[in-house]
There are 2 protein chains.
Amino acid sequence: MPAEASTSRPATPPLTERQEARRRRILHASAQLASRGGFDAVQMREVAESSQVALGTLYRYFPSKVHLLVATMQDQLEHMHGTLRKKPPAGDTAAERVAETLMRAFRALQREPHLADAMVRALTFADRSVSPEVDQVSRQTTVIILDAMGLEDPTAEQLSAVRVIEHTWHSALITWLSGRASIAQVKIDIETVCRLIDLTEPSGRP
Amino acid sequence: MPAEASTSRPATPPLTERQEARRRRILHASAQLASRGGFDAVQMREVAESSQVALGTLYRYFPSKVHLLVATMQDQLEHMHGTLRKKPPAGDTAAERVAETLMRAFRALQREPHLADAMVRALTFADRSVSPEVDQVSRQTTVIILDAMGLEDPTAEQLSAVRVIEHTWHSALITWLSGRASIAQVKIDIETVCRLIDLTEPSGRP
DNA sequence: CGCTAATCTAGAACAAGTTTCAGACTTGAT
DNA sequence: ATCAAGTCTGAAACTTGTTCTAGATTAGCG
């Protein structure tokens, strides 16, 4: 077995400084264009121009628009996770803390609804070729929720509950973004699904 | 207030026979193309050709590819609702019956995974301009679930649970379609979320 | 029937994602 | 410093969703 340590990324050759800078410029341009205009406003030619990179190069870094936007989402999620860590939620029960955390994330998205639109649409539109990246986003979300629950090693049941919470979170977000649900409705949905946590918590099991 | 009776559709002028036939041909072609190849295989030019209709006409009937696929989904949902009605689920509790119904629907989708892909991707990718149609699909799904629960007039809480179940259903479907979750995993997620029903059932509330 | 408005057709044209290619530039190793 | 391999650029080409246009067909009506 070859020496492939720490990170899970398989065989991503390390980028030079200029390449790292290019990547950063691209992601920045992507987020900026997404912020006003949402998914449609992120046009590959514009991203390329904004980030001072040739179209072909953009496609070398991100093999499709969806890849680009999912990567943008990964980027934003890291930000958010950092922010959330600084002020952990204050609820008494795990369910309350998770609901609070998600609502906080939700309010952050509300501040940039177009960006949210672009990222979420990309996420749900992603086909199999983007699975690894989407999975990474999903894992990151799981970590955030488990953090809020304050669990060391969750049971299988609790992990199932977390999965369902993530499903609800994504889908509720979509209904809100497409104007089919109000903010209040999203709040109710999140609180409703978080009750699942109580169901798995109170008693140890054989 | 003008006399606009029975149906909720606002001012859809009735179609002539030939128009109805065209519409049917289009939906059929759409489903057929979707069945092999999924979302990408439904190309508007091909749909037009397959259904013996000019491209412009196709766009008059369905103003975008997403509209077309969402309409295709409505069509399929009606089929399915009919089929499900004939053999109602047999579980003892509402939760069991809903889980059974959804798994049955899920197995039906498994038989045409490409069609499922096309319809679900369209549904989640739909923007505001398709909201009415997407909403219609959502209502139809709600009816199916309430049917399975066997409820006359659900409480607000129960409706919330149903909403969350729908969220989970959609999102779980997506993870399965994009190869990020196994069928077993989808089953677990559905069963997990259906437990929410128990939470709202046992006791009447003040 | 004969008229008018609406609808349909064929096909061109446009928009944005994606691919391709020839040539210039960087990088890393010798 | 020099060479080979890999990377980046600019521009054109290709694909597929969408729009537009001019002329044919159809539907409803007097």
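The chains referred to below are lettered A, B, ... by the order of the sequence lines, with proteins before strands, and numbering in each begins at 1. As the structure is a computational prediction, the values presented were derived from the model and not from experiment.
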Regarding B/Tyr61, tell me which of base, sugar-phosphate or nothing describes its non-hydrogen contacts under 4.0 Å with the strands shown.
sugar-phosphate

note: B/Ile26, atom CD1; C/dT7, atom C1'; distance rounded to Å ~ 13 Å

Taking only side-chain N and O atoms of A/Gln19, does any of them lie within less than 4.0 angstrom of OP1 or OP2 on D/dC8?
yes

Atom-pair distance (CZ on A/Arg22; P on D/dT7), nearest Å
11 Å

Output the distance between atom CZ (A/Phe62) and atom CD1 (A/Ile26), rounded to the nearest 0.5 Å.
5.5 Å

Which pairs with one or both residues in residues 21-35 of chain B pass side-chain hydrogen bond (donor to acceptor under 3.5 Å, both in side chains), sequence neighbours excluded?
B/Arg24-B/Asp75, B/Ser30-B/Thr72

Supply the atom-to-atom distance B/Ile190 CD1 to B/Met103 CE, rounded to the nearest 0.5 angstrom.
5.5 Å

So A/Gln52, base contact, sugar-phosphate only, or nothing? Heavy-atom distance under 4.0 Å.
sugar-phosphate

Taking the basic N atoms (NZ, or NE/NH1/NH2) and the acidic carboxylate oxygens, is any pair closer than 4.0 Å for A/Arg104 and A/Glu100?
yes

Do any N or O atoms of the protein come closer than 3.5 Å to N or O atoms of nucleotides 16-22 of chain D, and which pairs are they?
| unit_1 | atom_1 | unit_2 | atom_2 | d |
| --- | --- | --- | --- | --- |
| D/dT16 | OP1 | B/Gln43 | NE2 | 3.2 |
| D/dG17 | OP1 | B/Val42 | O | 3.4 |
| D/dG17 | OP1 | B/Lys65 | NZ | 3.0 |
| D/dG17 | OP2 | B/Met44 | N | 3.1 |
| D/dG17 | N7 | B/Arg45 | NH2 | 2.6 |
| D/dG17 | O6 | B/Arg45 | NH2 | 2.8 |
| D/dT18 | OP2 | B/Tyr59 | OH | 3.0 |
| D/dT18 | OP2 | B/Lys65 | N | 2.9 |
| D/dT18 | O5' | B/Tyr59 | OH | 3.4 |
| D/dT18 | O4 | B/Arg45 | NH1 | 3.3 |

Distance check needed: C/dT7 P versus B/Arg18 CZ, whole Å only.
14 Å

Ion pair A/Arg195/B/Glu157, N-O distance below 4.0 Å
yes

Using atom names, set out every protein N or O paired with an N or O of nucleotides 28-30 of chain C below 3.5 Å, distance rounded to 0.1 Å.
none

Tell me, yes or no, whether the heavy-atom count around A/Glu49 atom CD, taken from other residues, nucleotides or ligands under 6.0 Å, exceeds 12.
no

Could you check, using the six-membered ring where one of them is a Trp, whether B/Phe125 and A/Phe39 have ring centers closer than 6.0 angstrom?
yes

Of all heavy-atom pairs between B/Thr124 and A/Arg121, which one has the smallest distance, and what is that distance?
O-CD, 4.2 Å

Does the side chain of A/Arg18 pick up a donor-acceptor pair with the side chain of A/Thr16 at under 3.5 Å?
no

A/Phe125 CZ to C/dG17 P: how many Å, rounded?
12 Å

D/dT26 C1' sits how many Å from B/Glu17 CD, rounded?
14 Å

Between P of D/dC8 and CZ of A/Arg23, the distance in whole Å
13 Å

In whole angstrom, what separates A/Asp127's CG from C/dG17's C1'?
14 Å

